Each structure stands twice: as structure tokens, then as C-alpha cells.
Amino acid sequence: MLQFDKIDAYCPRNELNFGVCHMHRYRTHNCGELSEKDENSRVKISGWVHRKRDHGSLVFVDLRDHYGLTQCVVDTSDSAFSIVESLRNESVVTITGFVKKRSDETVNQNLTTGEVEVSIEEIIIQSEAETLPLQVNSDEDAGEETRLRYRYLDLRRDRPHKNILLRSKIIQSIRNRMIEQGFTEFQTPILTASSPEGARDFLVPARLHPGKYYALPQAPQQFKQLIMMSGFEKYFQIAPCFRDEDSRADRSPGEFYQLDLEMSFVEQADVFNAVEPVIAGVFKEFSDKKIDNKFQKISFAESMLKYGSDKPDLRIPIEISDVTDIFRGSEFSIFAKNIESGAIVRAIPGPKCGSRAIADRMNSWAQSEGAPGLGYIIFANEDAKGPVAKALGQDKSNEIKSKLNLEDGDAAFFSCASEKDASFIAGRARVKIGKEQKLIDETVFKFCWIVDFPMFENDELTGKIEFSHNPFSMPQGGLEALNTKNPLDIKAWQYDLVCNGIELSSGAIRNHLPEVMYRVFEIAGYGPEMVDNKFPAMINAFKFGAPPHGGIAPGIDRIVMLIAEEPNIREVILFPMNGKAEDIMMSAPSSVDDKQLRELHVRAVTSHQKNV
RNA sequence: GGGGGUGUAGCUCAGUUGGUUAGAGCGCUGGCCUGUCACGCCAGAGGCCGCGGGUUCGAGUCCCGUCACUCCCGCCA
């Protein structure tokens, strides 16, 4: 086998070949750039053996690098023949040879370099590949575990490779758009203090402070507000965020990235005006799907009523209605009784769902979701059918029919429960109907702002008043509202950006007044010492001249996932963790030496330990 | 923590009502092939059917348990 360091000594007598001595060690061209105009030139290319076609006395090798694919060819008359023949896929080689124009009938139109091929004169094996655990040259995905364990192989494949490049380009575009708007990029600490609000923290033991811990930031929330208080006006950062919560298809465990931004002297509309062109611009730049420039605004209350969710998929042309009044005091006694004790009824239109089979399926689905069931009326031949219609009577059934704009052949479904539960199950039913009846327009991105979130909510179990989002938002109406209104009626300057049923972003106009901060915590049942102890930086900064400010933080991974049209967020992350927050490629998390633990003043508790 | 789905060759998957020696494609090994481009043809190796237990004359298939992966609920200011 030829070693790469012998190349310098290799200098064929033949005059034509003389140039090889002065060539770059690995390449004169990449695998995506050779064309007719390079005909007859001597070139050197390096890359991976993508695929071989062995005809016995003639072998074709598709050589692949980051830039493309070039067909190389060798036959028995060439000295390199036996080496080429023995190559396994994904071995890395350097090929020196002549560019030859292909005959008309052998041109490959599917390849950018398909007009030419490289006639192999010399091949140097840089790195041999063993039998592969997954096939790089296949469109077929390997299993998730194999892909993650051998992520570097998976990432050589076309689609994963392109997804990661897309991510990089999107981030660059976002960065340019933010800077063009006058935002400044800052970095904030990764080792910081644990903060009581929000998700579970990742903790880092402090070696110099026995018993104390740093936390990784769940978001640079307090820092970005403090940046405003430092007199910088427009901050942004492609910020890593760390939250120790369980994974979902659109939620990578452990860490994710946000386009974190904050602005001073702004109201809600100013934040929207800053963010909309960035988001719309990026989606337009990288996707062929249609989007509206103007993002719809929907109040939280309206969204919960019409869509049963605070992240509605507006591509589904179904709107839920409240029909409590129609069922109140009706002959359909289960609902009527529940309404007397405070339940409500939501109706979900089911276009083309007017069959017993569909209705039964929806009902058992609802039961599997923990609901008692899903009532239904089937409309057919100007008649309302089913047990609900029978008890309710034709008049009230027809009232529902017209209220929901239904036709014969359609159905209406009903969830009856507490407002929260009824909305929730209706919202899930809406999505299920949308998917099953194929009502979702896959060619559009539908954006909306969900606004006017409640400042507080009741804890279902304890009845205690809690922050519904975060304690840093400014309540609408300010201190006066806090002092005069029922806390549960107070709304916050708090908003989410939603696209196609996915929450892209959450933000708020922040409170910047110490008296509001203390009062807000007081309503939630905490004394001023809680504020002083847990948020010393913020509350102190508020006391030395804090500008009114607000911001938002769109999720980068989700933006890329939507644009790449991938159903899973792992597809747009270089080295993602699995569902149990393990990196099976790197073996993280891992055990550490006792010495390391002693230095950190940490001792393992073994009673709950598994698979040690 | 709870619920659903999946687990069969290196990879992707098929496997009928429980019934002989568990199959296919790709990959791998060997042979043939000078114009292929997912090359083609021939032959071969490769299996703890996730693991443990049970039912049965007989289990990849049925039952119980368990583990892994995945989707969902909880959780995610």
C-alpha cells in the first residue's frame, strides 16, 4: 500500500506528469467542481469512497467530499487497479489523474460533475474503513440508536449533512438581520446561579465553595434584562439554554439554542415589529412554503376557546365553539348535570366525519386520553343522529349544526368537563380530525402571536395563586391593577409566537419597577425577602434607574426544524442526545473518579443507583 | 412517574392459525464481467428471533415479567 508521505518522492519520468511534484498534498480541486473546462488537466482530489462499480477489468469509484461527487475510473492497464478494487466504501483516499470528458452516452445529468470523470493514475489510501454499522450512501435511515452512536457517519449522509448546513446558514442569516436592525451581540455567563422560577436546573458543584452549586442558565433571562439596565439598548445572542426536562419530538433534552433578544424603551408592538421581519425573512429565504407577512394576533382566551391550545395550528380550518348554553337544562342529562356543577361543553366540528365508525373511534380515542368520552352528533339527510341528538332534539341539534357551519355528512363532537379539561381535549380532537381528514395545508407556514396571557393562575391541586408564566413580566395595568383587580383577571404583557402548532418563541414586556416586583411576589404568597434573596441582582438594579424594556427568544432548533421540514428536532442538531438525555456516542453522562468527587465535596448516594 | 408503538442477520425489514432446516434487499467474503452511475450475474458466510420465566407434544408467533429505543401525557418561567 502506498503511504501518503511517499507522494513527494513520486515523480514520474514522463514530462506530462512532472507537475505532480508541485501539487498540493491532498487536492487541486474538490469533488464538486470538475467540469468540461478541466478536460485533460491533471488533478488531485481527496475524499471518501462513496460507491464502487466493479466490472472486473474496469472499476468506477464515486469519490465524495463535502462539496460533491466525482466519478473516477481505472482499468487493468493502470497500476492503481488492484488497490482500487480492494477499497471498501467510506475509506478515505487521494486520487491523482487526468480529467476526461465523458462520451455523450455516458454523461450523468444527475451529477454536477457528470460531464467528466477522472482517470486514476495514482491512489493513496489515507484511511481505511472497516465494515460500516450504517450505510452512508443510502437514503434509508438506520435506527435512531445506530445513527446517534455513529453520528459522524450519519452526518456524512446527504440529508443530515444538508440539514446541519442549513442550520448554519439560517443562523448566519438571523445574525445578519439582527445586526442590520441595530442589535448588538453579547455573550452571557454559562456558569451562573440557580433561579427558583422555571424548569429544573443542571447544577455544577463549586469546588471552592463546599455545598454550593452553580447552575447552567435555562435562558439568559436575568442577564439580558441586566444588559438593558447597563444602558445597552438592543441585545441579541444565539444563546445556549439548559433545562433538565424530559424530551419530546420538538424538544431536545438538556440543551437548545434561542435567538435571545431584548430591547429598551419599547412596548409590545415594537418587539413584534422587530421580530416579524427577521422570522418572516428567514422563513422566506430558506423555504418555498407560503407565509403571510402580517402575523395574526390572538388573545390567549380566544385561542383556548377556538383552538383548545395556546399554540394553535392555524392550518387546520376547524374552530371550536362553546355550546354550554345549548346543553344547559337539556334532556341530555349527563351534560346537563355536569353543567349545573360548573362544567362547560365545547363543540368540535368534524367535516366529513359523519359516520358511526369515525364517531366511535373518536370516542375511544378520547377515553384513551383520559376523558370520559366524546359525545357526537352525526348529520345526514337533514337529520341529526346519535344518542346526543336523540336526547337533545332536532331543534337544538340543528342549532349546533348551523352554529358550527356543518353540512350533511359532517359530525359534531362534544367534550364536557371543567373549562381547562374540556378545552384541552377539544383542542387535541381538533388536531386529530385535522390530521386524519387531511385538512392540513402542508404548503404554508401560518404564524400567529398569542397575546394577553394571564399573569397568575390557580394551582389545580392546592388552589394557590401562582405565576402562570414568569415573575418578570409586566402586568397589564401595572401596580394599580395588582392592587385593585382579582389577580386571576390580570393579564400580562406576555406573548408567544406560534407557527403551525409549534411554539417558536415566548417573550414579554418586563417589569422594571421594584414596587411591582414586590407586589407580584406578594400576590403569589412570597414576602419581600424572597425577592431580595433569590433575585438580588434584578431587584437592586431596578432601584438604580431601570429602563422600561422587553424582549423575546425564538427557538433556533425549532425554526430550523420547521424550515427543514423535519418532524424531529434531532435531525437539525449536530450531536443530539437520545430521549433519556444520554449522548451514546460520547458516553455522557459518565461516572467520574472518586478523587474528582472529593474535590467537589460530592458523595454519591447509591441506594437509587441503576446499572452501575 | 404513567400510557401507546417497536425490538428477527452488520443495516432496513418480511415471517400466515403456534408446526419441517427462520427469509428478502442492501452490506460483507469469493468468483465472472471494459462504460457503469442504486451496474449486472454466480456462489458463500453471517441469527441467544432484546433478555428472563410460563403455557404447549411443539413458541419468532400466545401469556407474565424485564430491558432498550421511540411517540405521547406529566414536566417544560
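Everything numeric here is computed off the predicted structure, so don't read it as measured data.
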Any base atoms under 4.0 Å from [X], or only sugar-phosphate, or nothing? Heavy atoms, all strands.
| X | result |
| --- | --- |
| A/R248 | base |
| A/Q218 | nothing |
| A/R510 | nothing |

Query raised in the report: Does B/rU6 have a Watson-Crick or wobble partner in any strand here, with both distances under 3.5 angstrom, and which is it?
Result: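 WC or wobble partner is B/rA68.
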
Query raised in the report: Paired with B/rC32: which nucleotide, if any, by Watson-Crick or G-U wobble criteria at under 3.5 Å for both distances?
Result: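 Check on B/rC32: paired to B/rG40, both distances under 3.5 Å.
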
For nucleotides 6-13 of chain B, give me every protein contact, N/O to N/O, under 3.5 Å, one pair per line with atom names.
from: B/rG10; atom 1: N2; to: A/Q135; atom 2: OE1; distance (Å): 3.0
from: B/rU12; atom 1: OP1; to: A/G143; atom 2: N; distance (Å): 2.4
from: B/rU12; atom 1: O4'; to: A/E140; atom 2: OE1; distance (Å): 3.3
from: B/rU12; atom 1: O2'; to: A/E140; atom 2: OE2; distance (Å): 3.0

Query raised in the report: For A/E503, does its backbone N or O pair with a side-chain atom of A/R558 as donor and acceptor, under 3.5 Å?
Result: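 Such a contact is found between A/R558 side chain and A/E503 backbone.
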
Query raised in the report: Ring centres of A/F472 and A/F535 under 6.0 Å apart?
Result: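 Under 6.0 Å, so yes.
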
Query raised in the report: How about A/F186 and A/F223: are their ring centres within less than 6.0 Å of each other?
Result: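 No.
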
Query raised in the report: Is there a donor and acceptor pair closer than 3.5 Å between the side chain of A/R102 and the base of B/rC37?
Result: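 Yes, the side chain and the base share a sub-3.5 Å donor-acceptor pair.
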
Requested in this report: Give the rounded distance in Å between these two atoms: CG of A/D104 and P of B/rG35.
Outcome: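 Taking atom P of B/rG35 as the reference, CG of A/D104 is at 17 Å.
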
Query raised in the report: What does nucleotides 41-46 of chain B look like as a protein-contact string, B for base, S for sugar-phosphate only, - for none, at under 4.0 angstrom between heavy atoms?
Result: ------

Requested in this report: Would you mind telling me which residue lines up with the more 5' stretch of RNA chain B, A/K100 or A/R243, judged by nearest nucleotide?
Outcome: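 Nearest nucleotide further toward 5': that of A/K100.
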
Report task. Could you tell me the separation between the CD1 atom of A/I358 and the CZ atom of A/F413, rounded to the nearest 0.5 Å? Result ->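 Here the interatomic distance stands at 7.0 Å.
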
